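Below: one structure, written as structure tokens.
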Amino acid sequence: MKTNLVVGCGLSGITMAHRLADELNEEVVIIDTKSHIGGTCYDYKDENGITVHKYGPHIFRTNSTEIWDFLSQFTEWYPFMHHVLGVIDGIEVPIPFNINSMHKVFPKQLAEKLETKLIQQFGYNKKVPILELRKTDDEDLQFLAEYIYQKVFLGYTIKQWNFTPEQLDPSVTGSVPVYISRDDRYFQEKYQGIPLNGYTKMFENMLKHPNIKVRLNTAYTDVKDIKSYNRIFYTGAIEEFFNYKYGKLPYRSLDIRIKTFNTEKFQNAPVVNYPENYDFTRIAEYKYFLNEKSDKTVLSFEYPQDYELGKNDRIYPILNPQNQAIYNRYLQEAEHMPNVFFLGRLGAYRYYDMNRTIAAVFELFNKIKGKVNG
Ligand SMILES: Cc1cc2nc3c(=O)[nH]c(=O)nc-3n(C[C@H](O)[C@H](O)[C@H](O)COP(=O)(O)OP(=O)(O)OC[C@H]3O[C@@H](n4cnc5c(N)ncnc54)[C@H](O)[C@@H]3O)c2cc1C
């Protein structure tokens with residue numbers, strides 16, 4: 001029987017491990033340096049019965065029935081619809097900034113005028129990247145664009161990235177739109193939810209297979225019998241695999257400080273963004289996600305910082321042509337190793353949400369399956 005080594009017990013590694021074991025009936029050893037499974041999606045129930053996402057709040061959403069059905073084999077879902085507020089000049093407004101947000105911060109007449117102009121120029125239910133809105137010729141919309149840019153976008157972006165929006169790749173800035181709608185939900189995908197018993201439980205169910213062996217507290221460099229594996233799936237950082245021979249790939253990281261407070265409720269939404277003031281970018285309140293009851297509440301405060309090897313985790317790749325060129329050199333090197341596959345957010349040097357992470361694993365798995373059945 002073929003044996004696979006999967007490096008990394010996060011969403012991508014676990015998804016690949018399950019499909020290899022279950023559909024190809026192959027053996028899989030999956031390892032992780034961490035002492036727990038789940039990677040960045042790991043969660044745990046604390047002493048107050050509140051499920052905490054250790055590495056920051058995770059909400060699952062997808063438009064893919066295939067992906068939703070796949071995960072639904074391993075979990076039931078709490079039908080969660082995400083809402084985010086942003087504190088601007090001390091007022092809480094829906095994020096992404098939308099028509100309701102406009103009515104909260106501007107006098108009625110001005111808000112109505114801007115609403116009409118926005119709909120005339122871009123149409124209703126459209127998402128317009130803030131950098132595109134800034135290019136408008138209309139004086140009133142220019143005022144609006146400048147307001148949103150300064151109050152909502154600039155402070156958050158500088159805190160998050162330590163760059164101005166113009167210095168960032170459009171794939172990053174484009175994901176922060178102005179939403180010409182009254183829909184306050186943060187996501188509009190067809191399927192949205194949180195695993196009813198947590199992500200970790202869902203992952204445990206995915207790994208529960210006679211062909212899968214899990215080894216935690218184990219780094220790739222600890223594996224002595226590499227040659228005995230037919231294939232290696234590496235979900236760690238590609239540059240680390242190649243011992244940084246073409247240089248380091250830069251990332252931003254996060255210092256996530258989790259605190260329990262002796263109060264039933266702290267804030268008016270699961271996540272509240274703070275584009276202005278404070279060193280943290282946002283606060284998440286975990287009892288919202290599964291509607292858990294307690295007289296205490298658990299919050300996480302996110303402090304962005306630069307990634308430093310050995311000090312913190314690689315979180316957000318800093319995408320620009322120079323870093324992409326370094327990444328491409330690693331990819332070219334990888335092409336010479338037909339039995340080693342790089343996957344996941346670190347293998348791809350991309351910010352991948354969970355949906356995209358799974359889609360990429362499925363794509364790779366289908367190629368491998370095609371060859372096996374070939
Ligand atoms: C703050 C934050 C919030 C997010 N919120 C959402 C959200 O709301 N919705 C959403 O869809 N997505 C969200 N995401 C994205 C989501 O976390 C990723 O899509 C997902 O974690 C990617 O899984 P992965 O397996 O590729 O990477 P990871 O989860 O990082 O797993 C990689 C694993 O590999 C291990 N590893 C690395 N190198 C080695 C090595 N050499 N040897 C052994 N083990 C190794 C690591 O320890 C890690 O456990 C969020 C991400 C962050 C950072």
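Since we're looking at a predicted model, the values are computed, not measured. Because only heavy atoms are used, hydrogens play no part in the values below, and waters and symmetry mates are left out as well, while side chains stay in. Both ligands and their constituent atoms are indexed starting at 1 by order of listing.
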Please list the nearest protein heavy atom to [atom] with its residue and the distance rounded to 0.1 Å.
{"atom": "atom 32 (C) of ligand 1", "result": "T235 OG1, 3.7 Å"}
{"atom": "atom 45 (C) of ligand 1", "result": "T33 OG1, 4.0 Å"}
{"atom": "atom 42 (N) of ligand 1", "result": "Y220 N, 3.1 Å"}
{"atom": "atom 5 (N) of ligand 1", "result": "P57 O, 3.1 Å"}
{"atom": "atom 37 (C) of ligand 1", "result": "G236 CA, 3.5 Å"}
{"atom": "atom 14 (N) of ligand 1", "result": "Y351 OH, 3.1 Å"}
{"atom": "atom 46 (C) of ligand 1", "result": "D32 OD1, 3.5 Å"}
{"atom": "atom 28 (P) of ligand 1", "result": "T40 OG1, 3.5 Å"}

Under 4.0 Å to a heavy atom of [X] - the qualifying atoms of ligand 1, by number:
{"X": "L254", "value": "1 (C)"}
{"X": "I315", "value": "53 (C)"}
{"X": "G344", "value": "26 (O)"}
{"X": "A219", "value": "42 (N), 43 (C)"}
{"X": "S12", "value": "24 (P), 25 (O), 26 (O)"}
{"X": "Y316", "value": "1 (C)"}
{"X": "T218", "value": "43 (C)"}

**Item:** Shortest non-hydrogen separation from Y278 to K159 and the atoms involved
**Value:**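 Result for this residue pair: O-NZ, 3.1 Å.
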**Minimum heavy-atom distance Y307-L309, with the two atoms named** =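 Scanning both residues completely, I find the closest heavy atoms to be OH-CD1, 3.1 Å.
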Look at the rings of [X] and [Y] and say which category their plane angle falls in: under 30° parallel, 30 to 60° tilted, over 60° perpendicular.
{"X": "F341", "Y": "F233", "result": "parallel"}
{"X": "F280", "Y": "F301", "result": "perpendicular"}
{"X": "Y351", "Y": "Y316", "result": "tilted"}
{"X": "Y330", "Y": "F242", "result": "parallel"}
{"X": "F74", "Y": "F70", "result": "perpendicular"}

Answer yes or no for [X]: is there a heavy-atom contact with ligand 1 below 4.0 Å?
{"X": "Y42", "answer": "no"}
{"X": "I37", "answer": "no"}
{"X": "R314", "answer": "no"}
{"X": "Y352", "answer": "yes"}
{"X": "R61", "answer": "yes"}
{"X": "F241", "answer": "no"}

Pick, from [options], the option with the minimum heavy-atom distance to [atom].
{"atom": "atom 51 (C) of ligand 1", "options": "M16, H58, H36, R350", "answer": "H58"}
{"atom": "atom 9 (N) of ligand 1", "options": "V7, I59, D353", "answer": "I59"}
{"atom": "atom 12 (N) of ligand 1", "options": "M354, R356, R215", "answer": "M354"}
{"atom": "atom 27 (O) of ligand 1", "options": "E240, H53, R345", "answer": "R345"}

Check [Y] with [X], please: is the shortest side-chain N to carboxylate O separation under 4.0 Å?
{"X": "E240", "Y": "K248", "value": "no"}
{"X": "D32", "Y": "R215", "value": "no"}
{"X": "E333", "Y": "K245", "value": "yes"}
{"X": "K224", "Y": "D222", "value": "no"}
{"X": "D183", "Y": "R185", "value": "yes"}
{"X": "E204", "Y": "K201", "value": "yes"}

Could you tell me whether [X] approaches ligand 1 through its side chain, its backbone, both or neither, with non-hydrogen atoms closer than 4.0 Å?
{"X": "Y234", "result": "side chain"}
{"X": "A237", "result": "neither"}
{"X": "T357", "result": "side chain"}

**Polar atom proximity, L11 to ligand 1 (N or O, under 3.5 Å)** =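 L11 vs ligand 1: N/O contact under 3.5 Å present.
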**Request:** Report yes if F60 has an N/O atom closer than 3.5 Å to an N/O atom of ligand 1; otherwise report no.
**Result:** no
**Request:** Applying side-chain contact (heavy atoms from CB on, under 4.5 Å), run through M102 and L118 and close with a yes or a no.
**Result:** CA-CA 11 Å; M102 236 160 52; L118 270 178; 3.9 Å; yes
**Request:** Check the pair L346 / I238 against side-chain contact (heavy atoms from CB on, under 4.5 Å), numbers first and verdict last.
**Result:** CA-CA 7 Å; L346 296 169; I238 192 166; over 6 Å; no
**Message:** Consider ring pair (Phe, Tyr, Trp, His ring centres under 6.0 Å). Of Y199, Y44, Y55, which one does H36 pass it with?
**Reply:**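 It is Y55; the other options fail the test.
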**Asked** Are the aromatic ring centres of F80 and F60 under 6.0 angstrom apart?
**Response** no
